[in-house]
Amino acid sequence: MIYLQFILLMFATTMSFAQYPANTDPNCISNAHDPYEPHTRMLQGPEKGLCINSDFRRSATLLNGSEAARYFPFRKDSIVIANYSHQKKFWIAQIPVKRISRMILQTQFFPIGPTALGIEISHVQFRFDFEAGAKIDLVSQDASAPARNVSVKHVILTVENVGPHGEKFDFMKGMKGYFNLVYRAVSLEDKYNWMIKEQGHRVTQHLIKVSKQEAQKIFMEGMKRGTKRQSRTTYHSLTQSCSTELVKILKATLGTWDSVMSFYPNLILPILQNRGLIQRELPTLNAELARP
């Protein structure tokens, strides 16, 4: 599989991966009552001009002080973001970043090709846990929905693809400009339901060896990138994907390394192991949150 990826890399299309100019289009509407819907469209590639499907995947967006004050009282240990994903909805979230206690690499494995071949590829993402007693507070983002406040205890930072309505992900299309990137903040419950309950995938977990302060910086870097880029950056299966973007975030915060092999998600764990950044393996998410 690794060699196949190398061969495909040789034929990757030559495209510009710089951040797009603003691609807001008021005609791209999913929910007119949601003030933080991105209203974005494809600005290049085969589907240029089509509205991006923002019903399920959006980049997290940091709110400034006056925006945040409409939803939560100020807390010096916290940030407030829009487009936090939970229960298949979007929420305004107050996240106590200064109370992040640990960071975990999650690897979601799924089969590719005939099942009999036993070939798996993967998606990688970072999970952040908090100190005892800390929680993420959520309020409804949809102005037309009944006011509802809930709390969760974890957040997943995941970089994913998003495209126009009806466009399903395909590895080859992922090299030809059919999708853009989003930097999502998602609840552990939502990810568990999507990866395991709905798809039956195996999700391994490894504790990353960084300090609390480093974990906090890494999470904030992901939120800053989501806010800046929104869905204005082209996805590419080999050069701008879930794994390459996580490595770029680590490089920006830890500042010590890079890897040309980061295009292959299955190699992220050994890359981190080789750099002494894996402390130990944890139970799979399947086992941790096993439910009937």
Side-chain angles (χ1 to χ4, degrees), residues 30-31 33-40 52-75 77-104 106 123 125-131 134-162 180-195 198 215-231 242 245-246 249 285 289:
S30 173
N31 182 354
H33 301 285
D34 185 342
Y36 295 102
E37 181 182 350
H39 303 293
T40 49
I52 291 173
N53 180 5
S54 60
D55 294 347
F56 178 61
R57 295 175 178 172
R58 300 178 186 175
S59 282
T61 302
L62 286 163
L63 302 190
N64 62 35
S66 59
E67 291 172 325
R70 297 203 299 264
Y71 302 97
F72 294 103
F74 173 75
R75 282 176 48 182
D77 68 346
S78 300
I79 61 169
V80 177
I81 66 168
N83 291 325
Y84 182 96
S85 297
H86 177 60
Q87 297 177 343
K88 297 186 177 181
K89 299 176 183 177
F90 295 108
W91 304 76
I92 305 296
Q94 186 172 54
I95 304 176
V97 175
K98 295 297 184 182
R99 300 187 69 183
I100 288 175
S101 60
R102 67 177 189 171
M103 176 179 166
I104 296 167
Q106 291 187 328
H123 168 77
Q125 58 197 21
F126 291 149
R127 165 182 169 176
F128 296 87
D129 293 347
F130 294 80
E131 298 170 356
K135 57 185 173 58
I136 300 171
D137 292 319
L138 309 177
V139 298
S140 299
Q141 185 167 307
D142 184 344
S144 68
R148 184 181 173 204
N149 295 11
V150 299
S151 297
V152 294
K153 296 182 179 180
H154 312 272
V155 61
I156 306 293
L157 168 60
T158 174
V159 182
E160 301 177 8
N161 66 82
V162 64
N180 283 0
L181 281 174
V182 285
Y183 295 72
R184 303 181 66 204
V186 189
S187 70
L188 184 64
E189 176 186 321
D190 256 27
K191 273 295 187 173
Y192 173 84
N193 288 339
W194 170 247
M195 297 185 299
E198 295 183 28
Q216 293 160 13
K217 285 178 61 178
I218 290 165
F219 178 74
M220 282 302 302
E221 180 66 21
M223 295 301 95
K224 291 175 183 177
R225 289 179 180 236
T227 302
K228 180 179 180 180
R229 297 186 179 189
Q230 291 296 311
S231 54
C242 66
E245 297 312 293
L246 293 187
I249 289 172
L285 186 63
L289 297 183

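Since the structure is predicted, the reported quantities are computational estimates derived from the model, not experimental observations.
Considering all non-hydrogen atoms of both residues, Ser59 and Gln230 come closest at OG-O, 2.7 Å. Closest of all the heavy-atom pairs between Ile79 and Phe219 is CD1-CE2, 4.0 Å. Nearest heavy atoms, Glu131 versus Ser101: N-OG, 3.7 Å. Heavy atoms only, all atoms of each residue included: Val159 and Cys242 are closest at O-CB, 3.2 Å. Of all non-hydrogen atoms in Leu246 and Leu157, the two that sit nearest each other are CD2-O, 4.5 Å. Scanning all heavy atoms of the two residues, the minimum distance from Glu37 to His39 falls at O-CD2, 3.1 Å.
The distance from atom OG1 of Thr158 to atom CD of Gln106, rounded to the nearest 0.5 Å, is 9.0 Å. Arg58 contributes atom CZ, which lies 9.5 Å from atom CG of Asn53 (distance to the nearest 0.5 angstrom). For the atom pair Arg99 CZ and Lys135 NZ, the distance stands at 9.5 Å (nearest 0.5 Å). With rounding to the nearest 0.5 angstrom, the CE atom of Met220 is 5.0 Å from the CG atom of Leu62. Taken from CD1 in Ile92 to CZ in Arg70, the straight-line distance is 8.5 Å, to the nearest 0.5 Å. In this structure, Gln87 CD and Ser187 OG are separated by 7.5 Å, a value rounded to the nearest 0.5 Å.
The salt bridge (charged side-chain N to carboxylate O under 4.0 Å, His left out) pairs that include a residue from residues 149-161 are Arg57-Glu160, Glu160-Arg184, Glu160-Lys191, where partners are two or more places apart or lie in different chains.
By the 4.5 Å heavy-atom criterion applied to side chains, Asp137 and Arg75 are counted as neighbours. Residues Leu285 and Arg127 form a side-chain contact, since some pair of their non-hydrogen atoms from C-beta on lies under 4.5 Å apart. Looking at heavy atoms from C-beta onward, Ile104 lies out of side-chain contact with His154 at the 4.5 angstrom threshold. Within the 4.5 Å cutoff, the side chain of Glu67 has no heavy atoms near those of the Val80 side chain. Counting heavy atoms from C-beta on, the side chains of Leu138 and His86 come closer than 4.5 Å. Contact annotation: the side chain of Ile95 never approaches that of Ser78 to less than 4.5 Å [non-hydrogen atoms, C-beta and beyond].
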* To do: Go through the steps to decide whether Val152 and Leu188 satisfy the test side chain to side chain contact (heavy atoms under 4.5 Å, CB included), and finish with yes or no.
  => CA-CA 8 Å; Val152 294; Leu188 184 64; over 6 Å; no
* Asked: side chain to side chain contact (heavy atoms under 4.5 Å, CB included) between Tyr71 and Gln94: does it pass, once the steps are laid out?
  -> CA-CA 9 Å; Tyr71 302 97; Gln94 186 172 54; over 6 Å; no
* To do: Using the side chain to side chain contact (heavy atoms under 4.5 Å, CB included) rule, take Val162 and Phe56 through it: C-alpha gap first, then chi angles, then the decisive distance, then the call.
  => CA-CA 9 Å; Val162 64; Phe56 178 61; over 6 Å; no
* Does the side chain to side chain contact (heavy atoms under 4.5 Å, CB included) test come out yes or no for Asp142 and Lys89, once each step is laid out? -> CA-CA 9 Å; Asp142 184 344; Lys89 299 176 183 177; over 6 Å; no
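Judged by distance alone, with hydrogens and angles left aside, the side-chain atoms of Ser85 form no donor-acceptor pair with the main-chain N or O of Val186 at under 3.5 Å.
Between Phe128 and Phe126, the ring planes lie perpendicular to each other; the angle is over 60°, past the 30° to 60° tilted range.
Between Tyr84 and the choices Val139, Ile136, Thr61, Asp190, the side-chain contact (heavy atoms from CB on, under 4.5 Å) rule is met once, by Ile136.
In the model, Gln141 has no side-chain atom that pairs as donor or acceptor with a side-chain atom of Tyr36 under 3.5 Å. Using modelled atom types, one finds a donor on one side chain and an acceptor on the other under 3.5 Å when comparing Ser66 with Asn64.
A salt bridge links Arg225 to Glu221: at least one charged side-chain nitrogen sits closer than 4.0 Å to a carboxylate oxygen.
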